[in-house]
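To start, the structure under review is shown below, and the notes come after it.
Whatever order the structure lists ligands and atoms in, that order sets their numbers, starting from 1. We use all heavy atoms of the structure for the numbers below, so side chains are in, but hydrogens, waters and symmetry mates are not.
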Amino acid sequence: MPYHLATAHHLGVETPIRSIITPVPLARSQRAIRNDASYPRPFGVSTNGGFEPVRALPSVGALFALPSVGAVLVAVDPTLIAWQIGTVDAFESAARLAADAAGAILKRRWHDRGPVEVKSSPIDLVTEVDRACEQAILDVLGSAFPDHAFLAEESGGRGSHEFVWIVDPLDGTTNFAHGYPQVSIAIALQRGGETVFGLVYDPIREELFIARRGGGATLNDRRIRVSAARDLASSLLASGFPYDRRQHADYYLSFFKAFMLRTQGIRRAGSAALDLCWVAAGRVDGFWEWKLKPWDTAAGVLIVEEAGGRASDFRGDGFDAFGDQTLASNGLIHQEMVEVLLALL
Ligand code: IPD
Ligand code: CA
Ligand code: CA
């Protein structure tokens, strides 16, 4: 996917953060920007040079279309301009823009995180950055697909449509609240209840995981595959604990202990969406967690499956994003993980 992000100061000497760029349409687009006398201003790149403003987005700036080269552009703040050029899949294009808008907010607020509030319990946290990221994502996606339905962690459900966008604006809020750099933005698109597109963006490492059903999984536009670990004894696993862990500590720890005794190690990193992507990328061999939500899992599970892995509930039956058991693996150790889980259910 041709994609580019540059600061306003660097326009003309752009610093690509994604490696794949299509030179010809990019050059046309750059000319269009440079020719605009009103540039740089957050809403300034508008009608001159062929850009048509589509819609002003209060939280991120503005969204533009350049029909001649199929470009969309969003100004996320006065110093950041992101644009995307070429023949683009409309869903992926919008989701990438939404993730970049949220990622820019997350990075800008990394040292200015604001107050931390609690939700369902004293360990279920939310910050104004979660809400700002969600607003930015919904602005971009809602503007691109006004008829679609949305299910977002902080603002809930909206609309009814065969296409439903499922959004976790900040997966790893506890990490974020402590400045622990393991966070992500997760965006999935379901059609008739089936996840057809998934994106997870780690803005700290600038790692973008994407999968389309039937189209494979990528990390920064390169194909990824699950690991080749053949058994638990040679595996590294990832997991996490649900928000009722204080009430059921021994029960959840019994699963941790069982896997601890059978594997080379377990990591508890604090962003389930990234844990799943790390299964997909072969960095860990399997993952299990209780009571995750669809916004934690929908995108990552598709990425695992498209990377050649497997997802299910703890019995090995079909994965349900709205269920309370998530098991994902490279496929090779799946049955062994099911057996460990089944013995404790
Ligand atoms: C949380 C993270 C964490 C998992 C929690 C989730 P949030 O999401 O994914 O890894 O253990 O169960 O709720 O609340 O930071 O979006
Ligand atoms: Ca989450
Ligand atoms: Ca979240």
Taking heavy atoms and a distance under 4.0 Å, where does [X] meet ligand 1: side chain, backbone, both or neither?
X	value
Arg245	neither
Asp168	side chain
Glu289	side chain
Asp296	side chain
Ser271	backbone

Looking only at the aromatic ring of each residue, does the gap between the centers of Trp290 and Phe241 stay below 6.0 angstrom?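 Here the rings of Trp290 and Phe241 have centres that are no less than 6.0 Å from each other.
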Compute the ring centroids of Phe145 and Trp165, then answer whether they are less than 6.0 Å apart.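 Ring-ring flag for Phe145/Trp165: true, centres closer than 6.0 Å.
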Check ion pair [X]-[Y] (N to O, under 4.0 angstrom):
X	Y	result
Asp285	Arg262	no
Glu207	Arg283	yes
Arg213	Glu194	yes
Glu117	Arg131	yes

Stepwise side chain to side chain donor-acceptor pair (under 3.5 Å) check, Thr218 with Asp221: CA-CA 5 Å; Thr218 56; Asp221 301 306; 5.0 Å; no
List every atom of ligand 1 that sits less than 4.0 Å from any heavy atom of Gly172, numbering the atoms from 1 in the order shown and giving each element.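 Every atom of ligand 1 under 4.0 Å from some heavy atom of Gly172: 7 (P), 15 (O), 16 (O).
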Which atoms of ligand 1 are found less than 4.0 Å from any heavy atom of Thr173?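 The atoms of ligand 1 under 4.0 Å from a heavy atom of Thr173 are 15 (O).
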Give the single entry among [options] that approaches [atom] most closely by any heavy atom.
atom	options	result
atom 2 (C) of ligand 1	Asp171, Ile123, Asp130	Asp171
atom 14 (O) of ligand 1	Tyr243, Phe176, Phe241	Tyr243
atom 3 (C) of ligand 1	Ala269, Ala186, Gly270	Gly270

N or O pair under 3.5 Å between [X] and ligand 1:
X	answer
Leu170	yes
Glu153	yes
Ala272	yes

For Asp296, what is the atom name of its N, O or S atom nearest to the Ca ion (ligand 2)?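 The Ca ion (ligand 2) is closest to the Asp296 atom OD1, counting only N, O or S.
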Nearest to the Ca ion (ligand 2), which N, O or S atom of Asp171 do we find?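 It is OD1 of Asp171.
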Heavy-atom contact under 4.0 Å between Arg268 and ligand 1?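 True for this residue.
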Can you tell me which N/O/S atom of Glu153 has the shortest distance to the Ca ion (ligand 3)?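 Closest to the Ca ion (ligand 3) among those atoms: OE1.
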Closest to the Ca ion (ligand 3), which N/O/S atom of Asp168 is it?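 The closest N, O or S atom of Asp168 to the Ca ion (ligand 3) is OD1.
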If the plane angle is over 60° it's perpendicular, under 30° parallel, otherwise tilted; pick one for His148 and His161.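 Tilted.
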Given side chain to side chain donor-acceptor pair (under 3.5 Å), test Thr326 with Thr297 step by step and report yes or no. CA-CA 8 Å; Thr326 305; Thr297 57; 4.9 Å; no
Val126 near the Ca ion (ligand 3) via N/O/S, less than 3.0 Å: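 Not a single backbone or side-chain N, O or S atom of Val126 is under 3.0 Å from the Ca ion (ligand 3).
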Checking Glu134 side chain against Pro169 main chain: does a donor-acceptor pair fall under 3.5 Å?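 Checked: no pair found.
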Would you say the side-chain atoms of Asn220 pair up with the backbone N or O of Leu208, donor to acceptor, closer than 3.5 Å?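 Looks like yes, one N/O pair under 3.5 Å.
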Hey, any chance Tyr252 and Met337 share a hydrophobic cluster, counting ILVMFWY side chains that come within less than 4.5 Å of each other, even indirectly?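 Yes, it is one cluster - the side chains of Tyr252 and Met337 are joined through contacts under 4.5 Å.
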